[in-house]
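Worksheet: one structure, shown below.
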2 protein chains.
Amino acid sequence: MDQNPPRSTSVTVADVARRAGVSKATAARVLGGYGTVSDRVREAVTAAARALDYRPNELARSMTTGRSGTIGVVVGDIENPFFSLAVRGITDVARQAGFTVILINSGEDVTAEKAAIRTLLAKRVDGLIVSPAKESELDHLQEAARSGRPLALLDRGSEALAVDTVIADDRNAAEGVTRRLLALGHRRIAYITACDTSDHLFRTPSDINTGSVRRRVEGFLDTCREAGLAEMERWVHVGASSPEHTRRIVTGMLRASGRPTAIIASDSVIGLEVFKASRAIGLAIPSDLSLVSFHDADWTSVTSPPVTVVRQPVYRLGERAAQLLVERLNGEGMEARRVVLQTEIVERASVAEAPA
Amino acid sequence: MDQNPPRSTSVTVADVARRAGVSKATAARVLGGYGTVSDRVREAVTAAARALDYRPNELARSMTTGRSGTIGVVVGDIENPFFSLAVRGITDVARQAGFTVILINSGEDVTAEKAAIRTLLAKRVDGLIVSPAKESELDHLQEAARSGRPLALLDRGSEALAVDTVIADDRNAAEGVTRRLLALGHRRIAYITACDTSDHLFRTPSDINTGSVRRRVEGFLDTCREAGLAEMERWVHVGASSPEHTRRIVTGMLRASGRPTAIIASDSVIGLEVFKASRAIGLAIPSDLSLVSFHDADWTSVTSPPVTVVRQPVYRLGERAAQLLVERLNGEGMEARRVVLQTEIVERASVAEAPA
DNA sequence: TTTCAAATTGAGACCGGTCTCTTTGCTTCT
DNA sequence: AGAAGCAAAGAGACCGGTCTCAATTTGAAA
């Protein structure tokens, strides 16, 4: 029975109905699991379906029901451990709730992000989870929200947008880290992020469109200011968007006179590159240079010295976002919720007193 | 004009047609970009569509065309850097070719994998890329292939299945690594994999259902045998499926008398755990213990000592798989192709002569 | 036995596109 | 001028399900 040639035209309810000797409507009731049917008919239809190897066409089903059973996810880069872990959280919840996930990388590019959302909307996803590249441009998000399909924001929110949002308490984390470094005598503290500005220079936090990072930078700057350090803006470096860029930035910074005595890396990919670059230059961590990285990537505990990090509940970030979305998909329209998950500073050995 | 209430019922071709004063068929021609239309009509329809903010319904389109513009991807665990990188390769190619990706994690569980494929087939994906958990069970893959939708296998193939396959030359890599260790005097060499058997014991390579790993183990064992080492089977450890399991296995192994002098880790997640465990026990790498890991994860170059690894072209693995699939989706039925990508041993400093 | 509501089943419209088949209107060739 | 050829537009079927509504059965109450 394996010998039937590749069945190009698939079996439909009508086929099953014919074979079972009932009407299409009745067969559909059995196959779709709705309405009422007698046991005898149910068995006949089930048997016919099995004999014909009937496979429901979800597309057709979605067509009439209006629900596609999919949620669209737009992240910066699935290759980044941060996102792959968050996506894991999302897919776990989604599957549990009976949804599948369509994944699109934006590459942190707003144009790509817009296209992605448009595509997903066209495919009639039931809901969206987006990690917006820029908070300055949110027409497309607004539009998505207005299309009637629920939207949840991941890791980056915007107060201007009344949608479900799950973020970490980045500002708080940055403040804690900065305070710690200040207490150890550091005054030249650099902050490095992948976010970029048009001229690759940083002036004020509002230059930074990625919400999570902006909040961190604000926390960093404010804490410095409170400690009496002014003009720390010049220690914020943007544009570390690839390992090469990062290396160039870090190397330049560490080779300059008046180099920083401490560096805060905005994610683990950057942190890794800082680690490599400082070693390449011959600076010892932590005696010459203290390092703190965001994201408790698995490798950070295994280097020499192990790296002090801000542990973000990344998996839970994705998980919660998906939960909010699913709830909204099922339940009725409640108000937009904003969830802030706590971070934790994991002190390891990459931070020490500032060198004299 | 932003004030219209959330439009629950969307704009259709018929609406656009009405507004433009043409027939539904004509409007569809313009909107769908097929057939011939006069410039005047085209403009009228375009204008109407813009005015109404028309959004095509891809579902409906897929319904008739039979093409959904999606490819389904089933991987073990997106959280694993190996897969997230491969998926990155897949999505890049897919997007380029105009496809979106539906992602499902199997958790390396065959039952889940079957369900995943069934779901994807029901959603009428145009093609599938699967990294099969087990090569022993491939009915569901066979079925998928028979359903007429192209299938490509990623990282794990089966000669029994005539479908496009992209793998790395795992056997070769394992042979090379083993030879290197043997040359350095190692005789007690352990191989650790996440794959598992029913009784968590390894007897023969055929116990291992994951193709890539089986080929490696075969390479390992054969090379040992050629060197006159018999019964190396007892050095193959299965079931390192989580950090905790791995730690337990490694710790037990290293604490035992006659502990291995070298360990080959089947992926970077395991390699990391071996690194941690040996350090926790107080064994020095490489003087007490040599370590080689599969997958050139980013952190492996930054530990002390940096870890010798087998560099697999992971991104290209995904990329090629997607390419094969897309070609088959466009072109006509050619024979199944099997692509084997070369690996490379990156010698760093975690391998040394066997201790006396 | 008659009556009436509830349970079953059938017929056919519908979702929003695509696509085939016609009809209509011009242009062009002889 | 008449026929042929072709572009442009319309009508309506179709994809494979769901769902409404009406028709038929069934079963229990009267």
Side-chain angles (χ1 to χ4, degrees), chain A residues 7-46 48-49 52-70 119 121-126 147-148, chain B residues 7-46 48-49 52-70 119 121-126 147-148:
Chain A
R7 188 186 36 262
S8 58
T9 162
S10 55
V11 180
T12 73
V13 265
D15 298 325
V16 175
R18 201 170 310 123
R19 165 127 184 178
V22 299
S23 75
K24 185 183 156 196
T26 302
R29 275 190 268 264
V30 176
L31 266 14
Y34 57 89
T36 69
V37 213
S38 71
D39 290 347
R40 239 183 13 146
V41 169
R42 179 185 315 283
E43 276 163 35
V45 171
T46 309
L52 259 29
D53 191 28
Y54 167 77
R55 305 302 182 85
N57 183 332
E58 280 296 337
L59 248 41
R61 184 170 303 185
S62 304
M63 190 77 240
T64 40
T65 60
R67 313 194 80 201
S68 64
T70 57
T119 302
L121 252 25
K123 289 211 185 295
R124 295 299 194 262
V125 293
D126 292 333
S147 79
Chain B
R7 187 186 36 261
S8 58
T9 162
S10 55
V11 180
T12 73
V13 262
D15 298 325
V16 175
R18 201 170 310 122
R19 165 127 183 179
V22 299
S23 75
K24 185 183 155 197
T26 302
R29 274 189 268 262
V30 175
L31 266 16
Y34 57 89
T36 67
V37 216
S38 71
D39 290 346
R40 240 183 12 148
V41 168
R42 180 186 314 282
E43 276 163 34
V45 172
T46 309
L52 259 30
D53 190 29
Y54 167 77
R55 305 304 183 85
N57 183 332
E58 279 296 336
L59 249 41
R61 183 170 305 187
S62 303
M63 189 78 242
T64 41
T65 60
R67 313 196 79 201
S68 63
T70 57
T119 301
L121 252 25
K123 290 214 186 293
R124 294 299 193 262
V125 293
D126 291 333
S147 80

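Just so we're clear, the structure is a prediction, and the values are computed from it rather than from any experiment. A note on names: the letters A, B, ... follow the listed sequences, proteins ahead of strands, and every chain is numbered from 1.
- In this structure, A:Lys123 and B:Thr70 have side chains that are in contact, with non-hydrogen atoms separated by less than 4.5 Å.
- Remark: P of D:dG17 and CD of A:Glu58 are 10 Å apart, rounded to the nearest angstrom.
- Among the protein residues, A:Thr36 comes within range of the nucleic acid bases, having at least one heavy atom under 4.0 Å from a base atom.
- When the P atom of C:dT8 is taken as reference, atom CD of A:Glu43 falls 14 Å away, rounded to whole Å.
- Closest to the B:Ser23 side chain, of the nucleotides C:dT9, D:dG10, D:dG16, is D:dG10.
- Taking atom CZ on A:Arg42 and atom P on C:dA7, their separation rounds to 14 Å, with Å as the unit.
- The one candidate from A:Thr26, A:Thr36, A:Val37 that meets the side-chain contact (heavy atoms from CB on, under 4.5 Å) condition with A:Arg42 is A:Val37.
- Between the CE atom of A:Met63 and the C1' atom of C:dG16 there is a distance of 4 Å, rounded to whole Å.
- Between A:Asn57 atom CG and D:dT18 atom P there is a gap of 10 Å when expressed in whole angstrom units.
- The separation between B:Tyr34 atom OH and C:dT20 atom C1' is 11 Å, rounded to whole Å.
- Following rounding to the nearest Å, A:Leu59 (CG) and C:dG16 (C1') show an atom-to-atom distance of 12 Å.
- Counting to the nearest Å, the C1' atom of C:dT18 and the CG atom of B:Leu31 are 12 Å from each other.
- Using a 4.5 Å cut-off on side-chain heavy atoms (C-beta onward), B:Arg19 and B:Leu52 make contact.
- Applying the 3.5 Å distance criterion, the base of C:dG17 shares no donor-acceptor pair with the side chain of B:Arg29.
- Comparing B:Arg124 and B:Val22 by the nucleotide of DNA chain D whose heavy atom lies nearest to each, the residue mapping closer to the 5' end is B:Val22.
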Derivation of the side chain to side chain contact (heavy atoms under 4.5 Å, CB included) call for A:Asn57 and A:Ser10:
CA-CA 9 Å; A:Asn57 183 332; A:Ser10 55; 5.7 Å; no

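- Nearest-nucleotide positions on DNA chain D place B:Val41 closer to the 5' end than the other of B:Val41 and A:Pro56.
- Not one side-chain nitrogen or oxygen of A:Ser38 sits closer than 4.0 Å to the OP1 or OP2 atom of C:dA7.
- Regarding contacts with the backbone of D:dC14, every side-chain N or O of B:Thr64 stays at 4.0 angstrom or more from both OP1 and OP2.
- Listed nucleotides C:dA11, C:dT20, C:dA13 differ in distance to A:Lys24; the shortest reach to its side chain belongs to C:dA13.
- The side-chain heavy atoms of B:Pro56 and B:Arg61, taken from C-beta on, include a pair separated by under 4.5 Å.
- Here the side chain of B:Arg61 is nearest to one of C:dT18, D:dG17, C:dA11, namely C:dT18.
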